[in-house]
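Side chains included, hydrogens not; waters and symmetry mates left out as well; all remaining heavy atoms used. Naming: A, B, ... by sequence-line order, numbering from 1 per chain.
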Amino acid sequence: VSESLAIPSGPRKVECPEDEDFRNALDKMVSENIQERMREPVKAGNVDISVPVVLKSNKKTYEQLQDTPETERNKIGFVLMVRKGNKLQYKNFEADINSELAQNLRDQELAQKEE
Amino acid sequence: EEEDEEYFNSKELPNYACKYCGIHEPNCVVMCNCCKKWFCNGRGNTSGSHIINHLVRAKHKEVTLHKDGPLGETILECYSCGVRNVFVLGFIPAKADSVVVLLCRQPCAAQNSLKDMNWDQDQWKPLITDRCFLTWLVKIPSEQEQLRARQISAQQINKLEELWKDNVDATFQDLERPGVDEEPQQVLLRYEDGYQYQNIFGPLVKLEADYDKRLKESQTQENIEVRWDVGLNKKTIAYFTLAKTDGDMKLMHGDELRLRYVGEMHKSWAGVGHVIKVPDNYGEDIGIELKNGNGAPTDCNSNFVVDFIWKSTSFDRMQLALRKFAVDDTSVSAYIYHRLLGHEVEEVLFRCHLPKHFSAPNLPDLNRSQVYAVKHALQRPLSLIQGPPGTGKTVTSATIVYQLVKQNGGPVLVCAPSNTAVDQLTEKIHKTNLKVVRLCAKSREAIDSPVSFLALHNQIRKMEANTELQKLQQLKDETGELSSVDEKRYRMLKKLAEKELLEAADVICCTCVGAGDPRLVRLKFHSILIDESMQATEPECMVPVVLGVKQLILVGDHCQLGPVVMCKKAARAGLSQSLFERLVVLGIRPFRLEVQYRMHPELSRFPSNFFYEGSLQNGVCADERKLNKIDFPWPISDRPMFFHVTQGQEEIAGSGTSYLNRTEAANVEKIATRFLRSGVKPEQIGVITPYEGQRAYLVQYMQYQGSLHSKNYQEIEIASVDAFQGREKDIIIMSCVRSNEHQGIGFLNDPRRLNVALTRAKYGIIIVGNPKVLSKQPLWNHLLSFYKEQKVLVEGPLTNLKESLIQFAKPKKLTN
Ligand SMILES: [Zn+2]
Ligand SMILES: [Zn+2]
Ligand SMILES: [Zn+2]
């Protein structure tokens, strides 16, 4: 038996009341915080959030992304748009090919093709 | 090995190491902006990642990503409005580009203009999914890394968070310091003596008091806008709105708040007042009546601060009662003393003269089991009367009190844990023409109730014989204060008058804690009845008991909800078990009222079989519980109940339960609207949901998304199970707030809570939930099977309900 098989593969989840309390508290926090914002109408900012053209031009399709070397194949590049004061920033990051984010992009492209 | 340990200890972790487990991979950690501590995005052996565990437990909400992480140093905030609360943040991808942007769910992600800007609005997802941050924001440490890190348990996490409240620099090592870890001693079934009893309960009361104190004192709120007013009694009233607290604390009438002015327009000022108005369906305003309005900056409206004032009175009274029980042998009769401690004592019967007629004047005639209950109580020094839902507990209690007075003379002390329950019982007892005094806490004297006229402070005002007191009172009311000589005289006369009234009373009614009022200390009560006693903690029950009881009647139902204990430690140690329940466990058979007059017979079947061994009989027939002229699509016409199968959308799992609940909320609204359309009045409907979050969501949903005008929904009461205990509604709709596959169903697996939920409705009940998930619980499996057998497990739109063929999960074994 190899060593890696002999040791446990990861931490085992331990069920306990404290953990259950945590889960309930989280659910509560999420819904309460959202409720609170619905109740005291916060105005949406007047910021321009359109997808910038710069990013559009160097856009790769899902298929093009597939042409990258195999090592990078299970990743897919994305850009997060952030605002720092009035300055726009683009932060590159990679999402897993199986992630919902990547899947969604592929679905969109397929849909467009069919049109 | 020792050397290894030394090496390990000397090697310092970087400051960005997870404060729980020590993982310090920059990719995998996040900083909490509030306390500047770092945590990893791994869950270890808990069900959420360490950072989420921290945010939830510490109630912190903002984070920053590590500079060497996937996105570099980034504060997570809404691109549009800049909000940083990670619990409302999510992201939207562009429709056809690999670009994403962070937006809050409300209102930014809901803006209409997004579509035009090529964002895929429907794809909004929360940043916290499955109780971790999304992995493209923060990586999850590998399984192997997590295994090598410190294996911190959820209990240890809790304790560490507790330690941080007192000392922000506390570390995991501090957890091992002696004393920190100690769990209090568990409550027992039997006690050697009153001293042991006090030694076990005293520390639990202390724990609860400390918890309550910390909670109240942490609630200071700034930037409060105040609106001033003057009450009919000429006292200054301040109205203001508080930002929503985390929901753990509810303001109650009579609570004390301190209002402070911190602005520049007036010299600094602080004043204390009692709460006279709490937020309700009609407004979020809180009103306090200032004790002393002199010098209040009534021309200023902003720059106020509100502090919550913690009062130790109720806890002090419990401690005092415990001590009295231990050291004072006149506090209770010897017989009661030994019975309460669980000693072997034979049951005795009083040789008393039983009345011919057991009913009391102006109260309904009793049924057979009620008559036996009265007889049972009159004959015994200690009796338990169990009143299942709708069995006429209050009338029975009032009759017992009436008969006790007839038999032994007064005064009989009548208590219950809550003011509402005391008022209800007071009203009934008053009907029998006994002389009743309702004793209120001084801080509640201004609060109106149906029995205000029976309150001691109001009866004094009407005492005709006492002209001098009347005059002084009038002067005080008119001018607001008296000269010190007059004030002394006034107090003396008032005390005498109070004494006179109390001594002449047949019955004195107050809350359990109210029985510790100094005005009662000199009185001895031979007979004491405590209603709703399963809702009081044991030390709370002891407050009235130690006033000399020789005959104690506990009325309650241990199959309904027990007392609320906020401190988990104290609750775990057994403080949440009522005296009623312990006495039942000790083998004292409660006498059970058996005829229920509330529910449609079809509705009482399951509760009767499951919670009361099938002993509940129906005192109402189906015809009396028929909603006349109301056209509602019950699947089986003479069975006003169904379970509406509602399968949440599984695609958003994890922390986003509020989304899962949206489906249920929508169904609840449809059902409620259908009832309203067919002529049911909103106040006839109650909506029960176990989570505060869903409650708030439903209120909003009905108001804004309901298909009728929002006014129609205002009087529909939406509350937790606990808030409905002791009450009834014509129609109950229950939203189970089903959870995902990986999660328990929380509150709903408490049989007592389910019992209360199922027994509130008189005419009809509808449960909205997901059988697939609920059926894993043995309790719910039974309920679902029952609904299925009755052919009222249905699915589909209200206009076309069809029997559901859904398969249930195999229930797990029944635990505890
Ligand atoms: Zn923090
Ligand atoms: Zn960690
Ligand atoms: Zn926003």
Pair count under 4.5 Å, heavy atoms only, with chain A: among B:Gly44, B:Cys78, B:Ser142, B:Pro70, highest is B:Gly44
- Could you label the plane-to-plane angle of the A:Phe78 and A:Phe93 rings as parallel, tilted or perpendicular, counting under 30° as parallel and over 60° as perpendicular? parallel
Exercise. Would you kindly say whether B:Thr74 and A:Lys91 are connected by a side-chain donor-acceptor distance under 3.5 Å?
Key: yes
Among B:Gln146, B:Glu77, B:Gln123, the residue with the most heavy-atom pairs under 4.5 Å to chain A is B:Gln123
| task | Kindly say whether A:Met29 contributes a backbone atom to a donor-acceptor pair with the side chain of A:Glu32 at under 3.5 angstrom? | result | no
Sorted by chain and number, sequence neighbours left out, side chain to side chain donor-acceptor pair (under 3.5 Å) with B:Arg57 holds for B:Asn53, B:Asn158
In short, B:Thr689 meets B:Ser735 closest at the heavy-atom pair OG1-O, 3.3 Å
The interface call for B:Val86 against chain A, heavy-atom contacts under 4.5 Å, is neither
Honestly, the part of A:Asp21 sitting under 4.5 Å from a heavy atom of chain B is side chain
If you tally heavy-atom pairs under 4.5 Å between each of B:Asp120, B:Thr135, B:Leu114 and chain A, the highest tally belongs to B:Asp120
From the list B:Lys568, B:Arg43, B:Glu145, B:Gln151, the residue making the most non-hydrogen contacts under 4.5 Å with chain A is B:Lys568
Under 4.5 Å to a heavy atom of chain B? For A:Arg83 that would be both
### Message
Is a donor from one side chain sitting under 3.5 angstrom from an acceptor on the other, for B:Glu161 and B:Tyr20?
### Response
yes
Honestly, the part of A:Asn104 sitting under 4.5 Å from a heavy atom of chain B is side chain
Those residues at least two apart in sequence (or on a different chain) that pass side chain to side chain donor-acceptor pair (under 3.5 Å) with B:Ser720 are none
Applying a strict 4.5 Å limit to non-hydrogen atoms, the region of A:Leu101 in contact with chain B is side chain
Okay, B:Tyr701 and chain A: the region with an atom under 4.5 Å from a heavy atom over there is neither
